[in-house]
Amino acid sequence: MAKSLLGDTTVLLRRSLRHIMRSPDTIITTAVMPIAIMLMFVYVFGGAIETGSESYVNFMLPGILLITIASGISYTAYRIYGEMSSGIFERLQSLPIVRSSVLWAHVLTSLIANLISLVLVVGVALLMGFRSGASFLDWLAVAGVLLLFTLTLTWIAVIPGLSANSPDGAGAFSFPLIFLPFVSSAFVPTETMPGPVRAFAENQPMTSIVNTIRDLFAQNPVGNDIWVALAWCVGILIVAYAFARVVYHRKIA
């Protein structure tokens, strides 16, 4: 079964990637909004925000990376909805393949597409002055956190992709996820926020992930933030994966 799942997923992944390569505008569009936000905050608001000795582009880049992922996974929901509504899922299920390979192909496609978008955003940040003394292992840890975060949000995206009644409904779930980094430590220190907002910002998952990535880039001790970030991601991933599987089996039953 494992070999069959791997082989079927690989074939379907190649199919999905061919679709991505034929319409690279989706990846470019995913990266454009975070880059625009980064340009606006750095060159318009950056001078008014106190971040100590750290440059503002260094301070805000972790949050921009999370927004990039949150924006990118909406296309995963669109792609799944499109194949569900057009009957492609039913055609694939009529083939002698492992049923879960269809979902895994979309999930892996999302990981690859978001990785490309993240590289584009980091490239622009470097042109804007982003610098990091992080070691190879630090960068590897950042990549691991971002990969886990992307995997978590992708399985969340699978649920509306399977169950939405319209394309707009499939992608609308991503708006709160894009907004959450703005109410975190991503753009301003949480100490500057009013009491209730600060309490929410310091105890939502985006803040621990942002702080972890920021500390890794700056070669600072990550402390408990990395364990809080991993706990949030793994917990949400388990719930989203289980729920997505339930919705999927109901759809194809």
Side-chain angles (χ1 to χ4, degrees), residues 33-74 114 118 121-122 125 128-134 138 141-153 155-157 172-240:
M33 184 186 70
I35 289 172
I37 294 173
M38 185 164 56
L39 289 169
M40 180 178 66
F41 270 81
V42 170
Y43 294 123
V44 178
F45 303 128
I49 300 174
E50 179 59 44
T51 59
S53 59
E54 186 177 24
S55 70
Y56 190 60
V57 67
N58 281 26
F59 181 85
M60 72 175 302
L61 181 59
I64 292 295
L65 297 178
L66 299 194
I67 291 176
T68 303
I69 295 170
S71 176
I73 51 115
S74 64
N114 277 287
L118 290 171
V121 171
V122 171
M128 294 172 62
F130 169 73
R131 296 294 181 269
S132 172
D138 291 329
V142 169
V145 171
L146 292 174
L147 181 66
L148 179 60
F149 182 70
T150 305
L151 186 63
T152 301
L153 294 196
W155 277 107
I156 294 175
F173 82 98
S174 65
F175 295 138
L177 298 177
I178 294 172
F179 176 74
L180 270 180
F182 290 98
V183 194
S184 73
S185 63
F187 297 99
V188 297
T190 55
E191 294 81 4
T192 64
M193 300 176 181
V197 179
R198 177 180 177 178
F200 174 79
E202 291 181 347
N203 293 282
Q204 59 123 323
M206 298 292 186
T207 291
S208 58
I209 299 171
V210 165
N211 290 344
T212 297
I213 296 173
R214 185 178 290 144
D215 287 337
L216 288 169
F217 278 150
Q219 293 185 299
N220 293 329
V222 293
N224 291 327
D225 279 321
I226 190 169
W227 303 116
V228 175
L230 292 176
W232 272 111
C233 288
V234 172
I236 296 172
L237 173 60
I238 292 172
V239 174

Notebook entry, point to check: Where is the tightest heavy-atom contact between Val121 and Pro34, given as atom of each residue plus distance?
Noted result: CG2-CB, 4.4 Å
Next item on the list: Please name the residue in the list Val228, Ile226, Asn203 that meets the side chain to side chain contact (heavy atoms under 4.5 Å, CB included) test with Ser208.
Entry: Val228
Note to self: Measuring from atom CD1 of Ile236 to atom CZ of Phe149, what distance do you get when rounded to the nearest 0.5 angstrom?
What the structure shows: 8.5 Å
Notebook entry, point to check: Roughly how far, to the nearest 0.5 Å, is CZ of Phe217 from CG of Leu61?
Noted result: 5.5 Å
Margin query: Taking Arg131's backbone N and O only, do any of them form a donor-acceptor pair with Asn58's side chain (distance below 3.5 Å, no angle check)?
Written below: yes
Margin query: Set out, in order, the CA-CA distance, both residues' side-chain angles and the distance that settles side-chain contact (heavy atoms from CB on, under 4.5 Å) for Ile67 and Met33, then state yes or no.
Written below: CA-CA 9 Å; Ile67 291 176; Met33 184 186 70; 4.0 Å; yes
Check: Which value, rounded to the nearest 0.5 Å, describes the distance between Asn114 atom CG and Leu65 atom CG?
Finding: 11.0 Å
Check: Should Leu180 and Phe200 count as side-chain neighbours, where that means a heavy-atom distance under 4.5 Å?
Finding: yes
Item checked: Point-to-point distance, once rounded to the nearest 0.5 Å, from OG1 of Thr68 to CG of Leu146 -> 9.5 Å
Notebook entry, point to check: Any idea which heavy atoms bring Tyr56 and Phe187 closest together, and the distance?
Noted result: OH-O, 2.9 Å
Check: So how far is it from Leu148 CG to Trp232 CH2, rounded to the nearest 0.5 Å?
Finding: 14.0 Å
Margin query: Does Ile73 form a side-chain contact (heavy atoms from CB on, under 4.5 Å) with Leu177? I'd like the steps, not just the answer.
Written below: CA-CA 10 Å; Ile73 51 115; Leu177 298 177; 4.0 Å; yes
Next item on the list: Of all the heavy-atom pairs spanning Phe59 and Val188, show the shortest one and how long it is.
Entry: CE2-N, 3.8 Å
Check: Ignoring hydrogens and geometry, is there a side-chain-to-backbone donor-acceptor pair from Glu202 to Thr190 under 3.5 Å?
Finding: no
Check: Taking all non-hydrogen atoms of both residues, which atom of Ser184 and which atom of Gln204 are closest, and how far apart?
Finding: CB-NE2, 3.4 Å
Notebook entry, point to check: Could you go step by step and tell me if Met128 and Tyr43 meet the side-chain contact (heavy atoms from CB on, under 4.5 Å) rule?
Noted result: CA-CA 10 Å; Met128 294 172 62; Tyr43 294 123; 3.7 Å; yes
Margin query: Ignoring hydrogens, what is the shortest heavy-atom contact between Pro181 and Ala186? Give both atom names and the distance.
Written below: O-CB, 3.3 Å
Item checked: Reported CG-to-OG1 distance for the pair Asn220 and Thr212, which is rounded to 0.5 angstrom -> 11.5 Å
Check: Is it the case that more than 12 heavy atoms not belonging to Phe175 sit under 6.0 Å from its CZ atom?
Finding: no
Checklist line | Heavy-atom donor-acceptor pair, Thr152 side chain to Cys233 backbone, under 3.5 Å | finding: yes
